[in-house]
Each structure stands twice: as C-alpha cells, then as structure tokens.
Amino acid sequence: MGRRREFLDGDTADVARRLLGSTLVSTVDGSETRGVIVETEAYLGLADPASHAHVSKGRTPRNDAMFAARGTLYVYVSYGIHHCINVVTGEEGVPAAVLIRALDPVAGREVMAARRKRDTDLCSGPGRLAQALGITMRHNYHDLARPPVRLIPGTPVEESKTGASGRIGVSRAADWPLRFFVKGHPAVKPPRW
DNA sequence: GGTCGGATCATCT
DNA sequence: GATGATCCGACCG
C-alpha cells in the first residue's frame, strides 16, 4: 500500500469519508478474509471529547497506538469482550484515528462465519468485523501496509451515495457529524438522524 | 418485529 | 463503584 501515506493524509473527517470503498484484507491464521469499508467514524484526538485520546486522558498504555504513525492499526477492547479496529490518521505524536464500523464481506465468508459462529451479520458492526477478520489486541500497532492485515486504498464511494450522522454509542459530542456510511447498504444500520 | 439485560475489563471517579 | 467507540440470547407481542 505505497499510496497509504497520501491516502490517509489530511483532515481526519475527510479521511473517514474517503475510506468508504477501500478494502481491508486479513490473512490472519493463513486464511484470507476481505471486506470493503462501508461505515466509519472519525475520532479527532486531543480536541474530541469522545476520543480515547482526548486531552483530559493524556497518553496512556491503552490509547498509545493512536499516537503512532499514519497507517498504523489501533485496536482496543470494548465492553470487555469485543475488539474494535481503527486506522491511525495523524502525524506521529498527534492522536487521530478512524474507527471501522462495517464492511461488505467480499471474500472468505466461510472463514468469517466459522470465526463468528453464525452466518449472518458477518461484518455489520465494529466488534463483529474484527472477529470476522481474526483481529485481536495482538495486532495493535500493526502496520497496515503489510500482512497479515492490509488496507488497500480504493476509489472512494461517490459522495451522493454516502451519508453522515452523529457517532454511535457516544455520550459526549454526540451531535458531531463524524459518522460516515454508504446509504442503504445492508451492513449499515440506519442512523438516528 | 422490538426491547431488555448480561457478559467482562481498562479506565476513571 | 460506575462507565463505555458492543453484541447476543431471551423474552414479549
């Protein structure tokens, strides 16, 4: 992914929208799984009250990967059970990231179903897609330019086919329009507004 | 179809 | 002791 640097450069909200249409490929445990990104959320870092790296928290072991170089994978555990994955978008030392919330599963569906122990809702939610791709905390700090988890930039989804809304499940800055999604895609649940 | 509560833990109060 | 960038099974209509 040689174009990674330029593709992820710029305002994090713009990057979050631009990532719609790009592909995540995992070869974790030797099986390829692949999905096209259809829902994202931007987390702006220091100035964003909903971000794990908001100034009020400082740099901690948990959020440390958000301070890494652009194109790094930031993984955290949600509700003690689920893993959520983010693409780091800031300069090194400046935290910012895009949460991947949903994928259109395009390859390795059987492997995903085996990992998920069900054959529906394979990648429609941040915890679900991390499980489907086999991503866990051991992939925190991983460079998305190389296996076993790669980000392949794609042609961004036409803007008229995308929507924006408030982020899901956040209590602070809930009205900031930083969630982006492909309108009408089955893996994307309809927004509150 | 929709709603409710449990699982489980790093971080914060 | 409470909270949260979540998901799932149980239960109710």
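Just so we're on the same page: letters track the sequence lines, and every chain starts at 1.
- Between A:Arg167 atom CZ and C:dT6 atom P the separation is 12 Å, expressed in whole Å.
- Comparing B:dC12, B:dT8, C:dT6 against the side chain of A:Lys57 picks out B:dC12 as the nearest.
- One atom, CE of A:Met66, and another, C1' of B:dT11, lie 15 Å apart when rounded to the nearest Å.
- Side-chain atoms of A:Tyr76 come within donor-acceptor range of the base of C:dA5, with a qualifying N/O pair under 3.5 Å.
- Nearest approach of A:Arg70 to A:Thr89, heavy atoms of both residues: NH1-O, 2.6 Å.
- For A:Glu41 and C:dT6, the CD to P distance is 7 Å, given to the nearest whole Å.
- Using atom C1' as the reference point in both B:dA10 and C:dC8, the two lie 22 Å apart (nearest Å).
- Comparing the same atom, P, in B:dT8 and in C:dA10 gives a spacing of 15 Å after rounding to whole Å.
- Each of A:Arg172 and A:Gln131 was assigned the nucleotide of DNA chain C with the nearest heavy atom; the assignment lying further toward the 5' end belongs to A:Arg172.
- A donor-acceptor contact under 3.5 angstrom links the side chains of A:Asp64 and A:Tyr141, judged on distance only.
- Side-chain proximity of A:Arg116 to the nucleotides C:dC8, B:dA7, C:dT6 is greatest for C:dC8.
- Distance CG (A:Asp119) to P (C:dC8): 12 Å, rounded to an integer number of Å.
- The side chain of A:Tyr43 sits closest to C:dA5 out of C:dC8, C:dA5, B:dC12.
- Nearer the 5' end of DNA chain C, as judged by each residue's closest nucleotide, is the contact made by A:Ser171, out of A:Asp121 and A:Ser171.
- Within 4.0 Å of A:Val170, counting heavy atoms only, lie sugar-phosphate atoms of the nucleic acid but no base atom.
- Of the listed nucleotides (C:dC8, C:dA5, C:dC7), C:dC8 has the atom at the smallest distance from the side chain of A:Arg118.
- C:dC8 atom P lies 16 Å from atom CZ of A:Arg115, rounded to whole Å.
- Atom pair A:Lys117:NZ and C:dG9:P shows a separation of 12 Å (rounding to whole Å applied).
- Here the straight-line distance linking atom CG of A:Asp48 with atom CH2 of A:Trp176 works out to 5.0 Å at 0.5 Å rounding.
- Between B:dG6 and C:dA2, the two P atoms lie 14 Å apart (nearest whole Å).
- Within a 6.0 Å sphere centred on CZ of A:Arg59, other residues, nucleotides and ligands contribute more than 12 heavy atoms.
- Using a 30° and 60° split on the angle between ring planes, A:His142 and A:His139 fall in the perpendicular class, above 60°.
- Pairing for B:dT11 goes to C:dA2, judged as Watson-Crick or G-U wobble with the two contacts each under 3.5 Å.
- Residue contacts for A:Asn86: at a heavy-atom cut-off of 4.0 Å it reaches a base atom on one of the strands shown.
- Applying side chain to side chain donor-acceptor pair (under 3.5 Å) to A:Gln131 and the options A:Arg116, A:Arg115, A:Lys117 leaves one that passes, A:Arg116.
- Atom-to-atom, OH of A:Tyr79 to C1' of B:dC4 comes out at 15 Å; the value is rounded to the nearest Å.
- For A:Thr60, whose side chain is taken as the heavy atoms from C-beta onward, the closest listed nucleotide among C:dC7, C:dA5, B:dT11 is B:dT11.
- Atoms CD (A:Glu39) and C1' (C:dA5) sit 11 Å apart, rounded to a whole Å.
- Contact annotation: A:Arg128 reaches the phosphate of C:dC8 (side-chain N/O to OP1 or OP2, under 4.0 Å).
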